[in-house]
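These numbers were taken from a predicted model, which means no experiment stands behind them. Counting starts at 1 for both ligands and their atoms, in listed order.
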Amino acid sequence: MNKKIVVALGGNAILSDNASAQSQQEALIKTARQLVELVKKGNQLIISHGNGPQVGNLLLQQQAADSKKNPAMPLDTCVAMTQGSIGYWLTNAMIKELKAAGIEKEVVTVVTQVLVDEHDAAFKNPTKPIGPFLTKEEAQEQMTLTGATFKEDAGRGWRKVVASPQPTMIVEYKVINHLVEEDMITISAGGGGIPVVGDELRGVEAVIDKDYASAKLAELVKADQLIILTGVANVAINFGQENEEKLEKVSVSELESYKEEGHFAPGSMLPKIEAAIDYVNNNPSSQAVITSLENLAFLGNKGVGTIISH
Ligand SMILES: Nc1ncnc2c1ncn2[C@@H]1O[C@H](COP(=O)(O)OP(=O)(O)O)[C@@H](O)[C@H]1O
Ligand SMILES: NC(=O)OP(=O)(O)O
């Protein structure tokens, strides 16, 4: 087969209810086992991942900082730190599972910076949910105490929200492409990438959506396919209602119409839909797939996943 595939890992591929390092490493072993199924079929993997829960937790840990001896780290640095920790866990998990499958391949994590526009309107309107889910009362208390913004996240609880500008360029994409051409498995653009601006690559306080960053990466490395793994097997219209309908094969124009009709929740499914549309529009011969980790090994079978193409 030998397709070049960007696979974006959603939250549940890394973290369930337990945010301990051990628990996340265990989740990533299971994830790596599924990803190796794609490698067995001869595909070249370019892996990216989210960091919403992890970067939010790390920011909370910064509250224990002391301005002189142990200063708090800014958000761009926290994104870099989560790229490092998740990249370390996932690299090791991939090495272990490749070895178990008898496949000899190098795996490497690339600390990735992503350019954004410093005048992006997103800096004035925080929308990206990060960290733990709170009740409305807990969120209101935090808003009063810290001045941070909290919003309700797709019916699942209240979360802190931060600015999430659009990625305009992946700084290290040529390095990533070079590693892929050398037949290595890369993990990059973690947590959407470290948001930077200008020629001097100055870090800014934001968390880029990993779905948009993965679509940009897939476009730049000329991937054949973008696979977005999340908590559901298929995208649905009328999601969660009695007349819910799972989407299997869908064209960009059909998806645009469903989007206009408001079928996709902002902060959860909407970024994946927009990323898929952008990727397919920029690479008309390619396809984007949105599905669950469990379905990965069955891709290509009828009805498995939502497949978006022209
Ligand atoms: N129209 C829809 N179809 C399917 N799932 C939807 C839809 N709208 C919202 N969702 C929810 O969005 C979730 C994916 O968003 P999220 O969990 O934030 O992403 P991630 O997997 O990247 O962490 C799905 O698991 C599902 O619960
Ligand atoms: N950065 C990012 O989009 O993370 P999540 O996918 O975990 O929300």
Taking only heavy atoms of [X] into account, list the atoms of ligand 2 that are under 4.0 Å away from them.
| X | value |
| --- | --- |
| K210 | 1 (N), 2 (C), 3 (O), 6 (O) |
| P53 | 7 (O) |
| D209 | 3 (O) |
| G52 | 4 (O), 5 (P), 7 (O) |
| V207 | 1 (N) |
| G50 | 4 (O), 5 (P), 6 (O), 7 (O) |

Specify the protein heavy atom at minimum distance from [atom]: its residue, its atom name, and the distance to 0.1 Å.
| atom | result |
| --- | --- |
| atom 20 (P) of ligand 1 | K272 NZ, 3.4 Å |
| atom 10 (N) of ligand 1 | F239 CE2, 3.5 Å |
| atom 17 (O) of ligand 1 | R156 NH1, 2.9 Å |
| atom 15 (O) of ligand 1 | S268 CB, 3.3 Å |
| atom 8 (O) of ligand 2 | K128 NZ, 2.8 Å |
| atom 21 (O) of ligand 1 | T230 OG1, 2.6 Å |
| atom 1 (N) of ligand 1 | A236 O, 2.8 Å |

Against heavy atoms of [X], which atoms of ligand 1 measure under 4.0 Å?
| X | value |
| --- | --- |
| H263 | 1 (N) |
| K210 | 22 (O) |
| F264 | 1 (N) |

Point-to-point distance, once rounded to the nearest 0.5 Å, from [atom1] of [X] to [atom2] of [Y]:
| X | Y | atom1 | atom2 | answer |
| --- | --- | --- | --- | --- |
| I273 | K259 | CD1 | NZ | 9.5 Å |
| E141 | L134 | CD | CG | 9.5 Å |
| D211 | I290 | CG | CD1 | 8.0 Å |
| Q24 | I86 | CD | CD1 | 6.5 Å |

Is the number of heavy atoms from other residues, nucleotides or ligands within 6.0 Å of [atom1] ([X]) greater than 12?
| X | atom1 | result |
| --- | --- | --- |
| H310 | NE2 | yes |
| Q22 | CD | no |
| E138 | CD | yes |
| E244 | CD | yes |
| K96 | NZ | no |

### Query
Taking atom types as modelled, is there a side-chain donor on Q34 or E294 under 3.5 Å from an acceptor on the other?
no
### Task
Answer yes if the side chains of T112 and S188 hold a donor-acceptor pair under 3.5 Å, and no otherwise.
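No donor-acceptor contact under 3.5 Å links the two side chains.
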### Query
So is I208 polar-close to ligand 2, meaning N/O to N/O under 3.5 Å?
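Right, the criterion is met.
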### Query
Would you say G11 and ligand 1 have an N/O pair spaced under 3.5 Å apart?
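For ligand 1, there is an N or O atom that lies under 3.5 Å from one belonging to G11.
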### Query
Applying a strict 4.0 Å limit to heavy atoms, is H49 in contact with ligand 2?
no
### Query
For ligand 2, is there an atom lying under 4.0 Å from some heavy atom of G191?
yes
### Query
For atom 4 (O) of ligand 2, which candidate among I130, D153, N51, T82 holds the nearest heavy atom?
N51
### Query
Heavy atoms, side chains only, cut-off 4.5 Å: are L247 and L255 in contact?
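Yes, their side chains come closer than 4.5 Å.
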### Task
Compare all side-chain heavy atoms of V235 with those of V250 and state whether any distance is below 4.5 angstrom.
no
